[in-house]
2 protein chains.
Amino acid sequence: MIDVAREAGVSAMTVSNVINGRPGVSAETRLRVLATISKLGYQVNLAARHLRAGRTGAVGLIVPDIDRPYYAQLASRLANGVEKRGLHLVVERTGGDAERELEAISFGRLRMYDGVVVSPLRVDAADLDQLRFETPVVFIGERPVPKTFDHVMMDNVGGARQATRHLLTTGSRRVAIIGGRHDDHVDDMPSLRTRGYRQAHVELGIDLDEELVVESESFDPTAGFRAVKRLHESGVAFDGVFALTDAAAMGALRALADLRLDVPRDVQVIGFDNGKETEFLVPRLSSVEPGNQAMADRVLELLEQRVAAAGDGAKRAPDPVTTIVTAQLALRESTR
Amino acid sequence: MIDVAREAGVSAMTVSNVINGRPGVSAETRLRVLATISKLGYQVNLAARHLRAGRTGAVGLIVPDIDRPYYAQLASRLANGVEKRGLHLVVERTGGDAERELEAISFGRLRMYDGVVVSPLRVDAADLDQLRFETPVVFIGERPVPKTFDHVMMDNVGGARQATRHLLTTGSRRVAIIGGRHDDHVDDMPSLRTRGYRQAHVELGIDLDEELVVESESFDPTAGFRAVKRLHESGVAFDGVFALTDAAAMGALRALADLRLDVPRDVQVIGFDNGKETEFLVPRLSSVEPGNQAMADRVLELLEQRVAAAGDGAKRAPDPVTTIVTAQLALRESTR
DNA sequence: ATGAAAGCGCTAACAC
DNA sequence: GTGTTAGCGCTTTCAT
């Protein structure tokens with residue numbers, strides 16, 4: 001920048017003013033500075049600007065994994081909103097391991113962003129409670145989060161309950177849950193959705209065979225595929241499948257096709273997340289729409305408030321809020 | 001940091017040394033400093049460190065869109081490699097519009113990274129040529145890139161040629177191309193793949209009906225779905241489909257199922273990218289494996305060299321290289 | 001309309 | 001083993 005200033009015969013300050021489109025620079029000077037800038041191929045050093053100005057123009061999104069439709073679609077939604085506000089979104093993944101999550105959040109990488117959205121998978125409230133943040137943070141997802149943070153969550157229990165009820169009230173008697181938990185007393189995604197599944201059974205007075213609860217570590221197509229295969233091989237009868245994610249449901253559909261079972265005639269299938277891909281599966285997959293857009297909108301709204309408050313010392317930071325978005329069914333061909 | 005130093009009764013330098021695990025600090029002092037750090041909840045300011053040290057510990061990946069399996073899987077592969085090298089990957093999307101691409105690359109956001117991988121969709125070599133970079137950059141994809149940059153590309157023409165040949169030599173006579181181009185004289189992805197498709201016809205002496213070339217702007221499932229519907233409605237007969245991406249192929253499969261056409265008996269289908277999802281479609285989708293892992297490995301290798309050269313003034317920057325990775329078929333149920 | 005001085009938080013280099 | 005000095009490149013404040 002000093003080079004540019006010298007070359008153009010002005011001060012660094014004037015160059016700075018030109019770059020940031022600030023008033024108080026004569027048209028002539030402005031032009032000369034701009035010419036010099038492009039002649040020298042100068043680019044601002046964002047690190048320096050950030051150090052000085054305290055803002056980066058970037059919002060961070062920290063997710064366990066990018067290569068999963070759910071997070072990819074979430075990232076897309078958030079990116080749209082963030083860009084509308086003149087910032088840009090950058091995505092980092094943690095690999096879904098607790099240490100790396102904590103590190104990503106605490107290690108100060110946050111400071112690189114004006115605001116951060118975190119979707120944790122493993123870390124728990126106690127760990128989070130230790131952390132001191134200066135950067136505005138909004139949490140998203142089902143992990144418990146200290147009450148000192150904004151938190152946007154979907155209605156996992158309610159969504160699962162609706163899905164299971166639908167299967168049970170349209171003729172399925174033995175509904176398997178893929179990725180479910182025998183012990184659902186933890187507050188993570190699989191346990192919450194399993195609770196909804198159990199609730200539906202209780203409400204409808206239907207006995208639940210624990211053999212229909214198929215645990216699995218992951219919730220990708222492979223997991224869904226294996227779960228159905230395993231169920232079939234162990235001779236457990238079932239006429240409905242509630243998969244914890246659309247991805248797992250996709251694998252389940254594939255396995256059912258291999259078994260020559262017709263969906264939805266022999267077995268009904270429903271997923272969770274209502275991803276874009278559901279429309280294109282064969283058969284088209286029914287799913288729980290967890291309120292994806294509403295969540296993204298709410299996250300952006302909260303973040304905007306906090307960022308504004310952080311930038312403007314006058315404004316007091318708003319009290320942390322927990323928002324629960326309502327879920328509903330998106331019924332397609334895989335259910336009756 | 002100064003606060004910590006004062007509180008612990010040492011100098012800022014000693015705090016810095018402790019934080020960075022540098023030798024020359026007595027165990028006692030180290031402990032005291034660490035205690036003070038956690039007591040005060042201190043976190044390093046990365047912006048300042050970056051400004052001073054000139055490195056960020058982050059590698060950037062700039063893609064048109066995150067919410068597309070191809071880019072998501074690419075990001076995952078790169079993230080694995082980058083993390084193995086002790087850095088972390090951050091992903092930014094441009095939305096695939098030329099201006100935003102250029103801005104993302106030029107505006108100096110690059111300076112936030114030790115190295116950057118760019119997958120451009122629209123910008124052309126001339127624009128890129130204008131730019132001056134200090135950050136090491138590796139380009140990926142089919143857009144022409146000035147010879148001053150490293151570039152890793154897949155064999156689009158060869159892959160498309162193999163795919164088309166396979167369909168034409170296993171009984172299909174009228175192979176439609178979804179997303180193809182009537183005029184394929186531009187060097188972008190659709191044109192290159194269309195060229196391979198045409199080559200295969202020429203080599204096998206099969207006449208090509210231009211009606212089988214279905215243009216489309218995007219290459220997602222919706223595009224594939226619409227293309228097949230359109231083809232069918234306009235009464236164009238076809239017994240094979242080469243979709244420019246797996247995503248488009250997914251839409252095509254869905255449309256064929258709606259039309260009660262059996263795949264592969266009535267119509268063979270092949271995609272491109274060999275994404276993870278191909279294994280779980282009904283029927284399982286044959287695809288062109290463009291050498292995804294080889295591309296990622298090569299990109300990381302090039303980047304590593306350049307980053308090393310940039311950090312170490314002694315090393316001269318290596319000459320820019322263009323690498324073309326070879327493609328091969330991954331045949332599954334959607335072809336004979 | 002333009003410039004000079006000071007400092008953001010950190011670390012490399014050297015002194016003690 | 002620890003402290004001092006200087007400066008990375010920018011922007012805020014105040015002076016001209």
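Per chain, numbering begins at 1; letters A, B, ... match sequence-line order. Note that these values count all heavy atoms, side chains included, but never hydrogens, waters or copies made by symmetry.
The shortest non-hydrogen separation linking B:I66 to A:I66 is CG2-CG2, 3.8 Å. Nearest heavy-atom pair, B:D67 versus A:S76, reported as atom, atom and distance to 0.1 Å: CB-OG, 3.0 Å.
Within the 4.0 Å cut-off from OP1 or OP2 of C:dT11, at least one side-chain nitrogen or oxygen of B:S16 is found. For D:dT4, the OP1/OP2 oxygens have no side-chain nitrogen or oxygen of B:S11 closer than 4.0 Å. Contact annotation: B:T29 reaches the phosphate of D:dT2 (side-chain N/O to OP1 or OP2, under 4.0 Å). Dashed line: the shortest gap from a side-chain N or O of B:T14 to OP1 or OP2 of D:dG3 is under 4.0 Å. Look at A:R49 and you won't find any side-chain N or O under 4.0 angstrom from OP1 or OP2 of D:dG9. At the phosphate of C:dC8, neither OP1 nor OP2 sits under 4.0 Å from any side-chain N or O atom of B:N45.
Within the nucleic acid shown, B:R55 has no heavy atom closer than 4.0 Å to any nucleic acid atom. Within the 4.0 angstrom heavy-atom criterion, no nucleotide atom of any strand lies near B:N17. Contacts of B:R22 with the nucleic acid, taken as non-hydrogen atoms under 4.0 Å apart, involve only primed sugar atoms and P, OP1 or OP2.
Atom CE of A:M13 and atom P of D:dT11 are 7 Å apart (whole Å). With rounding to whole Å, A:I2 atom CD1 is found 7 Å from D:dC8 atom P. When the C1' atom of D:dT11 is taken as reference, atom CD1 of A:I19 falls 11 Å away, rounded to whole Å. When the C1' atom of D:dT11 is taken as reference, atom CE of A:M1 falls 8 Å away, rounded to whole Å. Atom CG of B:N20 and atom P of C:dA12 are 8 Å apart (whole Å). The distance between atom CG of A:L31 and atom C1' of C:dA1, rounded to the nearest whole Å, is 16 Å. Atom NE2 in B:H50 sits roughly 16 Å away from atom C1' in D:dG7 (whole-Å rounding). Distance CD1 (A:I37) to C1' (D:dG9): 14 Å, rounded to an integer number of Å.
The side chain of B:S26 lies closest to D:dT2 when the candidates are D:dT2, C:dC8, C:dA1. You'll find that the side chain of B:R52 is closest to C:dC10, out of C:dC10, D:dG9, D:dG3.
For the 3.5 Å distance criterion, the side chains of A:Y113 and A:E92 qualify, holding a donor opposite an acceptor.
Remark: side-chain polar atoms of A:H151 are paired, donor with acceptor, to backbone N or O of A:G141 under 3.5 angstrom.
Between A:E304 and A:K84 there is no salt bridge, since none of the side-chain N atoms of the basic residue sits less than 4.0 Å from a carboxylate O of the acidic one.
Remark on DNA chain D: of its neighbouring residues B:G24 and A:A48, the 5'-side contact belongs to B:G24, judged by nearest-heavy-atom nucleotide.
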